[in-house]
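Atom set for the values below is all heavy atoms of this structure, side chains included, hydrogens, waters and symmetry mates excluded. Convention: sequence-line order gives letters A, B, ...; per-chain numbering from 1.
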Number of protein chains: 2
Amino acid sequence: MTSKGIPRSHPRYWSLVLREQLVEAWRHGIVVPEGLIAHGRGECFDYLIGEETQWFAREAVRAAAAALLLAQHPVVSVNGNAAALAAEGLVRLAELLDAPLEVNLFYRTEERARRIEKLLRSLGARRVLGVEDATARIPGLPHPRGKVSPEGILRADVVLVALEDGDRTEALRRMGKTVIAIDLNPLSRTARMASITIVDNIVRAVPLLVETVRELKTRPRGELEEILRNYDNDRVLAGALRFISERLERLAREGVAMDPLAANGPS
Amino acid sequence: MTSKGIPRSHPRYWSLVLREQLVEAWRHGIVVPEGLIAHGRGECFDYLIGEETQWFAREAVRAAAAALLLAQHPVVSVNGNAAALAAEGLVRLAELLDAPLEVNLFYRTEERARRIEKLLRSLGARRVLGVEDATARIPGLPHPRGKVSPEGILRADVVLVALEDGDRTEALRRMGKTVIAIDLNPLSRTARMASITIVDNIVRAVPLLVETVRELKTRPRGELEEILRNYDNDRVLAGALRFISERLERLAREGVAMDPLAANGPS
């Protein structure tokens with residue numbers, strides 16, 4: 001099944017295109033099989049939030065942009081799935097923030113890290129921290145999952161992670177860092193441990209974050225601090241859960257057949 | 001990561017073991033990459049129903065057992081993910097019903113079909129309909145997805161499908177068959193099109209179905225017919241949606257951190 005084979009009018013067009021993109025990235029050694037399973041889990045949660053950026057994601061994106069602009073050493077962490085789905089946007093974001101991108105894999109192999117580095121550079125990234133740079137360790141994480149760059153995540157005060165593992169998010173928080181997570185699952189440990197959780201599909205969240213950073217870049221420091229002070233991640237997470245719950249309640253009441261999203265592909 | 005590496009005390013032990021089992025089956029050519037994504041989608045819904053068999057699944061399993069026992073020509077359809085997760089239970093079920101197993105793949109290749117056939121036979125299956133037998137077609141489905149055996153699905157009055165594609169479920173219903181589906185997503189087209197939808201993880205649903213068939217096997221026909229008459233699939237599907245919705249509402253109220261399931265693995 002190729003995207004040429006899927007009519008744009010198909011109610012699940014974008015979901016099918018992304019799925020294909022992931023399988024393609026897996027063929028190119030960027031994504032691991034476990035990453036495909038993780039993507040499926042994400043698909044399901046995306047479906048539950050209506051496959052649109054909701055208010056709770058917009059609020060989190062605004063706070064994330066403020067935190068990244070206020071940071072001394074912001075770092076954009078990139079794993080396989082993030083590279084497959086949002087490499088270009090992440091490169092643009094790092095550029096705007098003058099921040100490094102750091103390749104950061106749960107199932108770490110040198111070859112895969114190098115492929116992702118190469119992909120980021122081909123999209124114009126200037127500072128990519130990869131295999132050679134990962135000479136430090138995150139305390140409390142087993143090797144090789146804890147490998148990081150002393151120029152990147154180790155010294156960062158604000159780290160943007162996408163589709164990240166819960167243990168690593170927790171370890172970064174213990175190190176006192178501000179962690180911004182993009183995670184479709186509002187119940188995941190990453191979502192709960194992060195300082196700012198963007199519950200949205202990475203393919204929508206990253207472009208919105210780029211746009212918001214651009215918009216807030218010229219604002220006075222005090223205004224950005226104000227945005228951060230007023231941000232409440234618990235409220236945002238509870239809001240995401242409530243949104244899904246109310247949507248399902250409505251579907252149960254109105255009959256499942258009313259939902260265009262119900263017309264999904266092979267399940 | 002091997003199952004030996006996951007402590008049994010890990011809150012997501014079973015979920016991680018199943019994930020590993022799927023990746024292993026993918027390495028053996030039983031599961032396709034798209035099947036891994038579908039598994040992830042299932043994981044998400046399993047998580048939302050609390051990773052336990054709920055009342056709506058118990059009701060559906062009881063009706064499914066009655067329908068299978070009343071059938072003239074029951075058939076147990078097996079695809080890659082079903083083979084990876086529940087091959088043994090499906091073989092036991094077919095044996096109890098004296099029904100054939102039919103290998104039935106969405107992404108159909110002869111090699112994969114043969115591997116699944118071999119796996120089923122190695123577990124003691126006596127009647128497996130596979131590549132050689134798929135000489136008939138389901139009307140309205142594109143080749144090769146519509147290939148079926150005239151001795152199996154084509155002439156069946158009751159078909160058990162697991163993790164099935166929506167188009168095929170719909171086509172089987174149009175042919176007048178009773179379709180029993182095991183599908184964790186109560187919103188999927190398969191879930192909505194099936195006659196009886198078991199919203200549960202296949203690794204729990206199949207053993208429960210085997211046990212229930214055993215229990216009902218000696219009951220009079222009238223009692224089984226009564227079970228079927230009283231069964232309402234719309235009520236069961238709405239119940240599944242309401243269950244998830246109420247669970248999320250409670251989590252939003254009590255705080256996400258209360259949920260043991262929230263401590264998930266790499267996300």
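- Atom-to-atom distance recorded for A:I244:CD1 and B:R247:CZ is 11.5 Å, nearest 0.5 angstrom.
- With rounding to the nearest 0.5 angstrom, the CD atom of B:E249 is 11.5 Å from the CG atom of A:L248.
- One distance of note links CZ of B:R242 with OG of A:S245; it measures 11.0 Å at 0.5 Å rounding.
- In this structure, the side chains of A:V23 and B:I37 come closer than 4.5 Å at one or more pairs of heavy atoms.
- Using a 4.5 Å heavy-atom cutoff, the side chains of B:L48 and A:L187 are in contact.
- Panel note: side chain B:Y47, backbone A:R41; no donor-acceptor pair is recorded below 3.5 Å.
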